[in-house]
Each structure stands twice: as structure tokens, then as C-alpha cells.
Visitor: 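For reference, the structure I am asking about is given below.
A note on names: the letters A, B, ... follow the listed sequences, proteins ahead of strands, and every chain is numbered from 1.
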Protein chains: 2
Amino acid sequence: MDGPVNMRVSTASSAAAHTADCAIFAFSEGELRVLLVRRSVEPFAGSWLLPGGAMSQEDTLEETARRVLLELVGVQDISLTQVGTFSDPGRHPVRRVVTTCYYALVRPENHTPTPRGHLSDAAWYRLDDVPPLGFDHDELLRAAHHQLIQHLRERPMVFDLLPERFTLTEAQQLYEGILRERLDRRNFRRKMLSYDFLIETDEKRAGVQGGPLLYRIDSAALRRAEKR
Amino acid sequence: MDGPVNMRVSTASSAAAHTADCAIFAFSEGELRVLLVRRSVEPFAGSWLLPGGAMSQEDTLEETARRVLLELVGVQDISLTQVGTFSDPGRHPVRRVVTTCYYALVRPENHTPTPRGHLSDAAWYRLDDVPPLGFDHDELLRAAHHQLIQHLRERPMVFDLLPERFTLTEAQQLYEGILRERLDRRNFRRKMLSYDFLIETDEKRAGVQGGPLLYRIDSAALRRAEKR
DNA sequence: ACAAAAGTGTTGAAGGTACACCCATGG
DNA sequence: CCATGGGTGTACCTTCAACACTTTTGT
């Protein structure tokens, strides 16, 4: 419980540090991808990780995560969803660090990740190609992906991952990339078209056979639908 | 991200304390109830709260929550589910305290809550009767209850709240208490009876008109069903 | 012209919801 | 005997899953 009186709290010299780590998902070239950074200092120097940052005195965890996103991929106004908090004392080999994991969905346009600070690299990985990660970040990523799947099953909420205009096939590839299963085109399409926030444009995607129609999202209607 | 090298972390003198707060639900006299404790010291002296405790160096948050449950209601081997982490810097008026909320489901038998330490009282409240709580615990309780509802809609998982033997009406009252809506008896009953982990006994509940049959749970089969 | 991808409808199964009457027991 | 709560079945609707052929466009 909260309180300055609790003795375990009063001896606060040894309180744990708290970080926010982000599984940042994007969709490009027909594949779901996640942003990883490479750490250049010990422990886990050279390991790939989910990007994250330490919570400061003034910030909430969500603000911390938002800052990470802003600094790394220059993205603002992104939907962030809390996945869970990981507190195993052994998860950090040196100090006690508790972390709260978030997932974020970003458009492929606005992202040229720029590693700074103690990072030597930053890159988008296809989910299948993700290497073993440092700390317990494999577990964080699994949890984030699992939660994204759960949310997607309940409601349509991944249009932040698609460009302004997109074809239904692209949307289907995105769903398949997240859910990791193949979907029936006709059933998928019928479900999509039943959403009133999906708007047919009069343009077609050039350079692809079949000449697929482009669609866009009516954000206000989507907002309403997501409220439920 | 994790790392001793991050400067915001290195100045760790001011790290936040971390607590685990529990929404402990029980079902008695046909009503869903939650355990509240009354705080006897400032800040929020005299306020009702969700019980909680500070995370120590060696423990995970879940172990912390488990200890709270053990000390307060003497219950062990309870399913604990993480609800979320709350980090608003203003949520504690004095110090920086981040909390992670869990919910737990306990059988009505094993509980005579015994307030200790800085608590003057502990009592089961019907959800409707919960008074305004101290800190941001109204929000924690709302979040915990909301998550319990979500989980219950997805799968049957509240038999930890029922006694060894129970009638289907009792189970229905429990569902209704959690979901806060009225259910159709025949539909509810059909769904329950479709579960193969629900086992009809040959006893009837005495002292109640109609002479309702008692049922029990095959824990192993339930475990399997919960896996999904 | 051919290859590749887009576009399109129907049917069956399963699950959810709505609804009313008789039966068993306690008082 | 009567009041209270327990126990039961059917019809409709919605949702999801399975499944194959035609049209459009690029090469």
C-alpha cells in the first residue's frame, strides 16, 4: 500500500529504478516489423533490445515511453498501450530495475530510427528474424505481441500501422502478420467493408495487377467504433 | 531501456518506491465483495484503501502482492492477475510511489481479515457500497474490476470465488455480481452445463426451496479449459 | 496471350438471445 | 396450500468458416 510510514519503503535508499520499454510495431513491404536497438555498453553490450528509457522524477511511465518514441523515431501522438510490468530481481544482472512494457503502432512513413546515447544501432526486424534479445526482452516482446493479438481480435485497431491510403490486401497482410495465421480473402474483405469508418476512394493502386481500389479511414468514425 | 549507464538512472538517490496493491474479491451472501483496509496514518489517515505493500529488494511485485494476501487474509496459493501499473507523480501527495495493481479471487471460507501495522480496520464491501478511496485507489479498483469483467467474458475463471459445492443459482449470482448485469437463467445454465469440468453431485442444498442440486469443479479439467 | 492479383456470394455450423410453464421444497 | 425458487426447450438471429470462378491489369 502507499505510505511513507511503511518501513520497507522508508529504507528507500535501495529503491529499484523504473524503466519503460517499447515494442514499436510498423508494417512495411507487406511484413509486420518491430524496432530493435543495439546496446553498446555492458551489461549486454552488442545485444539487441527493445528500446526503452528510465522514468524520471516528473514523468509518468507513459510519458517516458512517449519520450523514447520521440527521440528514437521522431514520432508523436502515437497510441501507446501498457502491456505489463516485469519485476524479477534477476532480470537485470547488475542493479534492480523494474520495467513496464508498452506497445506502439507507427506508420512506416515517419521513421528513420536514429540511435543515440548508448546505442550503436537501430533497425526494423521482421518478427521471424528477431534475434535473441538482451535482458528479458524476449519475454517482453512476446507479451507485447500477445497483447496486440488479443486486442486485434476484439476490435479493429491497427490502422495506425497503415498508410493514409491502402488496399484491402495490404490490410489483410497486416492482420495476417499480426495474428500469424492465414485469413480467407472474401471473409476478411466482408468484415472490413462492414465497418463504416472504412471509406472507398476512387483511386486505384498503380503498378499492381488487378488494379486494386484504395481505401482510407474516417478517423472520427473509427474513434467512435473503438470506444465501443 | 535497462542499463546502469543511463544518466537519469544513475542519479538513483531519488528512485521511486514501488508497491503492489490488491483488489481482493470474494463472494458471500449472494454478493460480490472487495476487501478494503482503513489507513491509520497520514497521508489519507482514516481513508479506505485497497490493501497493498511495498516491494522489497528480493521480491517480485507478484510475491509482494502474495505476501499482502497472506498477511491480511491468511490465504495462500491464490491466483493473482496483474492489472496495470500506475505512475502519476501526483498520485501520492508526499513521495513518489509507483504501484502495480493485481486482482485476486478468494473463497469466502478462509478469510477473517486482520488489520495490522498502519491499518485500523479491514472489511468486505459490496461493490455498490465502496466509499471514496484514498490515493488513486478508486481508479485502481475500477481498472481491476474492468479487467475481471473482460477475463470472465472470455473464459470461465471465477470458481475460486465459489465454495467447494455450489448451486448453479449461486454461480449465476456471482456472474451477475461481476458483470453487473442480469442473465437469463436458462441460457446461463445451458452454458454452464456445457462445461465438462462442472460436475453434478447427488446432494441438494438443504433449507432452500426448490431443492437445488449441488455442483463441484473438476480442477484438472478446469485447468485444461483455462489453458485454451 | 498469359500470368498475377483483385473482386465477388452462398451455404452450413455454432453460439447467443429471447421467452413461459411446470416441479420441488419450505413455511 | 401457497409462496418461493429450481428446473426445462424452442425458435430466431447473428457471426464465423468454408469454398471457386470471373475480372482487371501488367508484362
Visitor: Partners of B:Tyr215 by ring-ring contact (aromatic ring centres under 6.0 Å, His included), sequence neighbours excluded?
Guide: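 In terms of ring-ring contact (aromatic ring centres under 6.0 Å, His included), with neighbours along the sequence ignored, B:Tyr215 is linked to no residue.
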
Visitor: Taking only residues two or more places apart in sequence or in another chain, which ones pass ring-ring contact (aromatic ring centres under 6.0 Å, His included) with B:Phe166?
Guide: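 Once residues adjacent in sequence are excluded, B:Phe166 has no partner under the ring-ring contact (aromatic ring centres under 6.0 Å, His included) criterion.
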
Visitor: For A:Arg216, which residues count as a side chain to side chain contact (heavy atoms under 4.5 Å, CB included) partner, sequence neighbours excluded?
Guide: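 For A:Arg216 the side chain to side chain contact (heavy atoms under 4.5 Å, CB included) partners, ignoring immediate neighbours, are A:Arg165, A:Ile199, A:Thr201.
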
Visitor: Within this structure, what is the CZ-to-P distance between A:Arg153 and D:dC16, rounded to whole angstrom?
Guide: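 The distance from CZ of A:Arg153 to P of D:dC16 comes to 12 Å, rounded to the nearest Å.
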
Visitor: Looking at residues at least two apart in the chain, or sitting in another chain, which of them share a side-chain hydrogen bond (donor to acceptor under 3.5 Å, both in side chains) with A:Glu31?
Guide: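 If we apply the side-chain hydrogen bond (donor to acceptor under 3.5 Å, both in side chains) test to A:Glu31, skipping adjacent residues, there are no hits.
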
Visitor: Per the ring-ring contact (aromatic ring centres under 6.0 Å, His included) rule, what does the pair list look like for residues 63-86 of chain B, sequence neighbours excluded?
Guide: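 Listed once each, the pairs would be none.
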
Visitor: Could you go through nucleotides 10-14 of chain C and list every protein N or O atom that sits under 3.5 Å from one of its N or O atoms, giving the distance for each pair?
Guide:
residue: C:dT10; atom: O4; partner: A:Arg190; partner atom: NH2; Å: 3.4

Visitor: Could you check how far CD of B:Glu170 sits from P of D:dG5, rounded to whole Å?
Guide: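 For the pair B:Glu170 CD and D:dG5 P, the rounded distance is 13 Å.
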
Visitor: When every nucleotide of nucleotides 20-27 of chain C is labelled 5' to 3' by its protein contacts under 4.0 Å (heavy atoms), B for base, S for sugar-phosphate only, - for none, what sequence of letters results?
Guide: B---BBB-

Visitor: Can we say B:Glu62 and B:Arg66 salt-bridge, meaning some charged N sits less than 4.0 Å from an Asp/Glu carboxylate O?
Guide: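 Counted as a salt bridge, because a side-chain N and a carboxylate O are separated by less than 4.0 Å.
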
Visitor: Rounded to the Å, how far apart are A:Met192 CE and C:dG7 C1'?
Guide: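 Rounding to the nearest Å, CE of A:Met192 and C1' of C:dG7 are 16 Å apart.
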
Visitor: With B:Arg180, which residues qualify under side chain to side chain contact (heavy atoms under 4.5 Å, CB included), at least two apart?
Guide: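 Here the qualifying residues are B:Leu127, B:Asp128, B:His145.
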
Visitor: Give the rounded distance in Å between these two atoms: CG of A:Leu214 and C1' of D:dT24.
Guide: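 From A:Leu214 CG to D:dT24 C1': 15 Å.
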
Visitor: What residues, two or more places apart in sequence or in another chain, satisfy side chain to side chain contact (heavy atoms under 4.5 Å, CB included) together with A:Pro156?
Guide: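 Listed in chain order: A:Phe159, A:Tyr175, A:Tyr195, A:Phe197.
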
Visitor: Tell me every residue that passes side chain to side chain contact (heavy atoms under 4.5 Å, CB included) with B:Gln76, counting only those two or more places apart in sequence or in another chain.
Guide: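 Partners of B:Gln76 under the side chain to side chain contact (heavy atoms under 4.5 Å, CB included) test: B:Leu70.
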
Visitor: Taking salt bridge (charged side-chain N to carboxylate O under 4.0 Å, His left out) as the definition, give me every residue that meets it alongside B:Glu29, ordered by chain and number, with sequence neighbours left out.
Guide: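 Result, salt bridge (charged side-chain N to carboxylate O under 4.0 Å, His left out) vs B:Glu29: none returned.
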
Visitor: Find the distance between CE (B:Met55) and OG (A:Ser87) and round it off to the nearest 0.5 Å.
Guide: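 It is 6.0 Å, given to the nearest 0.5 Å.
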
Visitor: Starting at CG of B:Asp184 and ending at P of C:dG15, how long is that distance when rounded to a whole Å?
Guide: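 Whole-Å distance recorded here is 18 Å.
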
Visitor: Which part of the nucleic acid, if any, lies within reach of A:Thr167 when heavy atoms closer than 4.0 Å are counted: base, sugar-phosphate only, or nothing?
Guide: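 Touches nothing.
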
Visitor: May I have the distance from A:Glu200 (atom CD) to C:dG7 (atom C1'), rounded to whole angstrom?
Guide: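 Checked: the CD to C1' distance equals 11 Å.
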
Visitor: Do any of residues 172-183 of chain A sit with a heavy atom less than 4.0 Å from DNA chain C, and if so which?
Guide: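 Contacts with DNA chain C under 4.0 Å: none.
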
Visitor: Is A:Leu213 touching bases, backbone alone, or none of the nucleic acid, heavy atoms closer than 4.0 Å?
Guide: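 Sugar-phosphate, no base atom in range.
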
Visitor: Between A:Glu154 (CD) and D:dC16 (P), how many Å, whole number?
Guide: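 For the pair A:Glu154 CD and D:dC16 P, the rounded distance is 13 Å.
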
Visitor: Could you tell me whether the phosphate oxygens of C:dA6, OP1 or OP2, come under 4.0 Å of any side-chain nitrogen or oxygen in A:Arg189?
Guide: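 No.
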
